[in-house]
Number of protein chains: 4
Amino acid sequence: MQQPARRRQVNRLPRERRVAEILEAARAVFAQSGYENALISDIAERAGVVEGSIYRYFENKRDLLTKVVEHWYGGFLADDESQFPSVRGTWNRLRYIIWHHLSTIHGEPALSRLVFTEFRPNPAYRSTTLFALNRRYTSRVIAVVKEAVAAGEFRADVPANLVRDMIYGCIEHYTWAFVRGEGDFEVDATADRITDIVYRGLAAKPEAAPDPMMSPIARLERLADRLEAAVAAQNRKTP
Amino acid sequence: MQQPARRRQVNRLPRERRVAEILEAARAVFAQSGYENALISDIAERAGVVEGSIYRYFENKRDLLTKVVEHWYGGFLADDESQFPSVRGTWNRLRYIIWHHLSTIHGEPALSRLVFTEFRPNPAYRSTTLFALNRRYTSRVIAVVKEAVAAGEFRADVPANLVRDMIYGCIEHYTWAFVRGEGDFEVDATADRITDIVYRGLAAKPEAAPDPMMSPIARLERLADRLEAAVAAQNRKTP
Amino acid sequence: MQQPARRRQVNRLPRERRVAEILEAARAVFAQSGYENALISDIAERAGVVEGSIYRYFENKRDLLTKVVEHWYGGFLADDESQFPSVRGTWNRLRYIIWHHLSTIHGEPALSRLVFTEFRPNPAYRSTTLFALNRRYTSRVIAVVKEAVAAGEFRADVPANLVRDMIYGCIEHYTWAFVRGEGDFEVDATADRITDIVYRGLAAKPEAAPDPMMSPIARLERLADRLEAAVAAQNRKTP
Amino acid sequence: MQQPARRRQVNRLPRERRVAEILEAARAVFAQSGYENALISDIAERAGVVEGSIYRYFENKRDLLTKVVEHWYGGFLADDESQFPSVRGTWNRLRYIIWHHLSTIHGEPALSRLVFTEFRPNPAYRSTTLFALNRRYTSRVIAVVKEAVAAGEFRADVPANLVRDMIYGCIEHYTWAFVRGEGDFEVDATADRITDIVYRGLAAKPEAAPDPMMSPIARLERLADRLEAAVAAQNRKTP
DNA sequence: AATGAATGAGCCTTCATTCAT
DNA sequence: AATGAATGAAGGCTCATTCAT
């Protein structure tokens with residue numbers, strides 16, 4: 001039976017605000033401690049509420065985690081999907097997608113890790129909202145690839161879903177060390193390199209025109225630059 | 001409530017045997033239940049010993065898991081490393097490596113999952129025996145790529161470590177559904193497809209070029225690639 | 001997690017009506033879930049009010065239960081007490097009382113159960129309004145019995161209060177299975193049978209020799225058997 | 001992860017003993033506080049163990065209660081069933097049964113109450129061990145009644161199961177006040193009174209014939225009863 | 001009068017690990 | 001070496017009740 005009990009100052013907030021505050025607190029705590037080690041009591045304290053209040057808005061700890069991650073996804077997906085359409089050209093689009101994923105991981109390694117460890121391995125993942133969001137997020141690679149194939153820009157026999165796995169798999173493999181907290185990585189440079197290798201690997205006429213703007217003259221100029229540089233470097237080393 | 005537990009027949013065994021039995025039991029239980037949900041008591045029962053006995057041979061639950069996984073790795077690495085040298089040709093070697101990883105995951109999805117969820121995300125992973133084993137396991141991709149580059153079979157500007165990430169990342173991304181217990185995949189066919197896309201993406205002279213003759217510009221570009229690679233190699237040796 | 005809870009239309013109602021609606025909702029919920037498992041929030045929702053409003057009309061959950069049960073009692077007691085006086089004759093009166101109790105349980109097994117489990121065992125029961133109501137309800141048995149004794153219809157040495165306990169106890173014991181939700185019982189037939197056995201058990205001049213087949217001679221023969229057996233047993237023990 | 005933690009003096013006991021001690025402690029605590037209010041921590045402390053130890057032997061709080069009550073039942077049922085067969089004569093047998101139930105309630109009102117409130121109302125009661133035990137316990141009334149009917153001692157149309165309900169219902173109704181903690185009752189005198197009213201109510205030829213003088217046969221029968229009872233008592237004492 | 005957000009006390013339960021026998 | 005009884009820390013969750021709006 002509940003006892004009356006001395007109350008602390010009640011701080012009334014509209015539902016929306018309260019939920020937002022709890023989500024934010026939970027995000028911070030989950031990011032810092034991981035799911036298992038996160039304490040509801042810590043989250044409550046950080047949100048400035050009592051433990052029980054959390055259960056007014058969230059079914060249980062797991063649900064809270066899910067909501068945090070979905071909220072996060074929802075946030076950047078909206079941005080992302082408004083930006084993406086304005087990017088033109090296959091290379092640029094792939095680069096944007098790759099850059100975005102790298103950037104997301106770079107910005108929230110701890111949340112990314114939660115997705116990788118708490119959601120994706122879960123047998124029920126497929127029937128999850130997060131799965132659906134992620135699908136939406138990753139399927140654009142497939143669309144881009146198919147369009148490029150249709151346009152003759154990519155080889156006709158490119159399996160689009162493997163390309164998707166390759167891109168996301170590569171990124172996530174590459175960033176594991178950072179996600180674990182070891183060192184750092186450069187988002188832009190890495191995006192360039194991955195995009196390059198992928199693009200060139202898929203292009204129908206390899207170096208022959210990733211960028212249609214590049215005229216033979218321009219290519220020869222680049223070549224000259226590179227040769228000069230190489231020779232100069234050689235001289236520097238073995239004078 | 002535990003069962004009445006009739007006094008078990010005391011059964012002395014040489015240390016080796018006992019350890020092997022516990023490892024096997026632990027492997028089965030961890031594979032079935034995952035790390036958190038696995039119970040020492042289940043492992044003990046399956047191994048035909050009492051809980052306390054496990055602590056004679058293993059420091060704690062985590063240590064037991066580690067030993068299980070290292071034992072598993074040790075097992076297939078030995079085989080693998082004896083097989084690999086006899087595989088000739090870049091395509092074949094890549095194919096072997098890719099096939100092997102697919103095959104490993106296909107054979108032990110649950111243990112693979114443990115590696116993905118319990119070890120790799122761990123901040124201390126890098127200083128782990130498993131990390132070292134894995135390094136040995138995956139670094140062959142780098143060797144193969146570098147050799148192929150040196151031989152002019154792959155483009156000169158291919159970043160070997162990105163290729164490694166791409167291959168392992170792709171495989172793991174591709175197999176997540178299976179690891180979660182959804183559906184199945186064909187090891188051989190998948191190995192072929194991944195090898196193909198990777199190889200063709202890196203090959204200096206893509207077969208798919210309608211006209212096998214390179215343009216003069218392309219030849220010059222290859223020359224530049226080689227020069228750059230040579231300089232880079234030079235630098236590495238005489239810094 | 002509670003539902004988003006769109007702001008309900010404020011709906012002012014006269015106190016009487018509001019109380020009645022809450023009582024009805026509470027009755028349904030308590031009947032369905034029992035006291036412990038009933039949720040104030042469920043009751044509120046069903047009554048179309050908000051939790052806090054319940055506390056304007058009832059002190060607490062327990063008080064609400066009490067009011068529900070008293071209200072129920074009040075309802076059938078009024079009917080009952082207006083009917084009873086018109087029933088004539090001891091047998092008919094007993095039958096009516098028994099029938100009424102059976103009928104009450106049959107009509108509201110869940111509420112009956114609440115009385116049996118939540119009120120009667122309570123140490124404070126005796127100082128309860130419900131106790132008083134119940135007393136009024138059951139004491140008529142005593143009146144009937146005493147009148148029948150006075151009239152010579154029942155044996156002179158019949159302890160009226162034991163008869164009361166016997167009647168109500170029998171009924172409640174007999175109906176437990178039904179109250180638990182197992183099967184059903186026939187109110188009328190059962191009332192007949194219980195009334196019969198009670199009436200004949202108390203009647204001063206039983207209507208007939210129950211078993212006409214048993215002659216005095218047979219009884220004497222049985223007696224002889226028993227006496228012999230007793231004596232023989234005696235001899236065996238204390239020779 | 002469990003911390004090492006300072007230990008108190010470990011007090012090793014064979015399973016049997018430990019279980020017995022926990023049962024005893026639980027019995028006391030449940031009897032004192034009822035099920036809901038009983039604390040596992042109190043039980044543990046009283047048993048001289050740590051809370052967790054209780055869960056080695058009992059699945060949960062409910063299971064513990066169940067075991068306590070079954071143990072209690074088991075205890076008196078054994079005694080009871082060894083005594084009963086030596087009681088001779090219908091009157092004596094009924095009296096013994098009634099006396100035993102009164103005596104049980106008198107000796108353990110709190111446990112009796114637990115049975116009445118926590119077990120019997122439960123929808124699953126019927127599939128319970130306790131139900132089976134209770135069945136065994138109460139069904140003897142039916143056997144006795146049927147035998148008496150067969151022997152012509154009771155009226156032929158007596159419904160045995162109603163008699164059982166009447167006896168147990170009467171006893172329990174009668175003892176509610178005591179079970180609630182109000183006052184006391186005399187086991188023996190009450191047993192006599194209930195037995196009398198039941199016996200006379202069922203007897204084929206009630207002694208209560210208008211003429212208070214018993215018939216010679218009836219007097220002899222009573223005599224036989226007493227002799228039998230005496231012999232039975234004798235046997236119990238000098239086996 | 002009505003709303004509904006916020007409170008908060010505290011119990012049951014788990015299970016890796018230890019250590020007396 | 002083997003047993004298995006005992007430990008004990010700690011955290012998720014519930015829900016009647018209050019009270020600011």
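Just the heavy atoms: all of them, side chains too, but no hydrogens, waters or symmetry mates, feed the values below. As the structure is a prediction and not an experimental result, all values here were calculated from the model.
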Q: Starting from the 5' end of DNA chain F, give me the residue, Tyr57(B) or Asn37(C), whose nearest nucleotide shows up first.
A: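 Its nearest nucleotide being more 5', the pick is Tyr57(B).
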(Q) Judged by each residue's nearest nucleotide on DNA chain F, which is more toward the 5′ side, Arg62(A) or Ser53(B)? (A)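 Of the two residues, Ser53(B) wins.
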Q: Report yes if a side-chain nitrogen or oxygen of Tyr55(C) is closer than 4.0 Å to either non-bridging phosphate oxygen (OP1 or OP2) of dT17(F); otherwise report no.
A: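 Result: yes.
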(Q) Please determine whether a side-chain nitrogen or oxygen atom of Arg56(D) lies at a distance below 4.0 Å from atom OP1 or OP2 of dA6(F). (A)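 The answer is no; no side-chain N or O of Arg56(D) sits under 4.0 Å from OP1 or OP2.
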Side chain of [X]: nearest nucleotide among [options]?
| X | options | answer |
| --- | --- | --- |
| Leu39(A) | dT3(F), dA6(F), dG12(F) | dG12(F) |
| Lys61(D) | dC12(E), dG8(F), dA5(E) | dC12(E) |
| Arg18(B) | dT3(F), dA2(F), dC13(F) | dA2(F) |
| Ile40(D) | dA2(E), dA2(F), dT13(E) | dT13(E) |

Q: Would you mind telling me which residue lines up with the more 5' stretch of DNA chain E, Glu59(B) or Glu51(A), judged by nearest nucleotide?
A: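 Mapping each residue to its closest nucleotide by heavy atoms, the 5'-most match is Glu51(A).
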Q) Which residue, Ser41(D) or Gly52(A), contacts DNA chain E at a nucleotide closer to its 5' end, judged by nearest heavy atom? A)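 The residue whose closest nucleotide sits nearer the 5' end is Gly52(A).
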Q: Could you tell me whether the side chain of Tyr57(C) and the main chain of Leu64(C) form a donor-acceptor pair under 3.5 Å?
A: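 A pair under 3.5 Å: no.
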Q.
Tell me if a side-chain donor or acceptor on Arg180(D) pairs with a main-chain N or O of Arg120(C) at a distance below 3.5 Å.
A.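 Yes; judged by distance alone, with no hydrogens or angles, the pair exists.
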Could you state the [atom1]-[atom2] distance from [X] to [N], rounded to the nearest angstrom?
| X | N | atom1 | atom2 | result |
| --- | --- | --- | --- | --- |
| Glu21(C) | dA2(E) | CD | P | 10 Å |
| Asn60(C) | dA16(F) | CG | P | 11 Å |
| Ile54(A) | dC15(F) | CD1 | P | 17 Å |
| Glu36(A) | dA16(E) | CD | C1' | 14 Å |
| Asn11(D) | dT21(E) | CG | C1' | 13 Å |
| Tyr35(D) | dC11(E) | OH | C1' | 11 Å |
| Phe58(B) | dA16(E) | CZ | P | 15 Å |
| Leu64(C) | dC15(F) | CG | P | 16 Å |

(Q) If you define the side chain from C-beta out and look only at heavy atoms, does anything of Leu65(A) sit under 4.5 Å from Lys61(A)? (A)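 No, every pair of side-chain atoms sits at 4.5 Å or beyond.
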Q: Step by step, work out the side-chain contact (heavy atoms from CB on, under 4.5 Å) result for Ile54(D) and Val49(D).
A: CA-CA 8 Å; Ile54(D) 290 178; Val49(D) 296; 4.2 Å; yes
Q: Calculate, to the nearest 0.5 Å, the distance between atoms CZ and CZ belonging to Arg27(A) and Arg46(A) respectively.
A: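 Those atoms lie 11.5 Å apart.
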Q) How far does CG of Leu130(C) sit from CD of Glu118(C), to the nearest 0.5 angstrom? A)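 One finds 12.0 Å between CG of Leu130(C) and CD of Glu118(C).
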Q: Quick one: list whatever passes side chain to side chain donor-acceptor pair (under 3.5 Å) with Glu21(A), sequence neighbours left out.
A: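 Testing Glu21(A) for side chain to side chain donor-acceptor pair (under 3.5 Å), a comparison that skips the adjacent residues, returns Arg18(A).
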Q: Report the residues that fulfil side chain to side chain donor-acceptor pair (under 3.5 Å) with Glu70(D), sequence neighbours left out, ordered by chain and then residue number.
A: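 Side chain to side chain donor-acceptor pair (under 3.5 Å) check on Glu70(D) returns nothing, list empty.
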Q | DNA chain F base-pair string [pairs: Watson-Crick or G-U under 3.5 Å; |: paired with another strand] | A | .||||||||||||||||||||
Q. Just checking Ala47(A): base, sugar-phosphate only, or nothing, at a heavy-atom cut-off of under 4.0 Å?
A.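 Answer is nothing: Ala47(A) stays at 4.0 Å or more from every strand.
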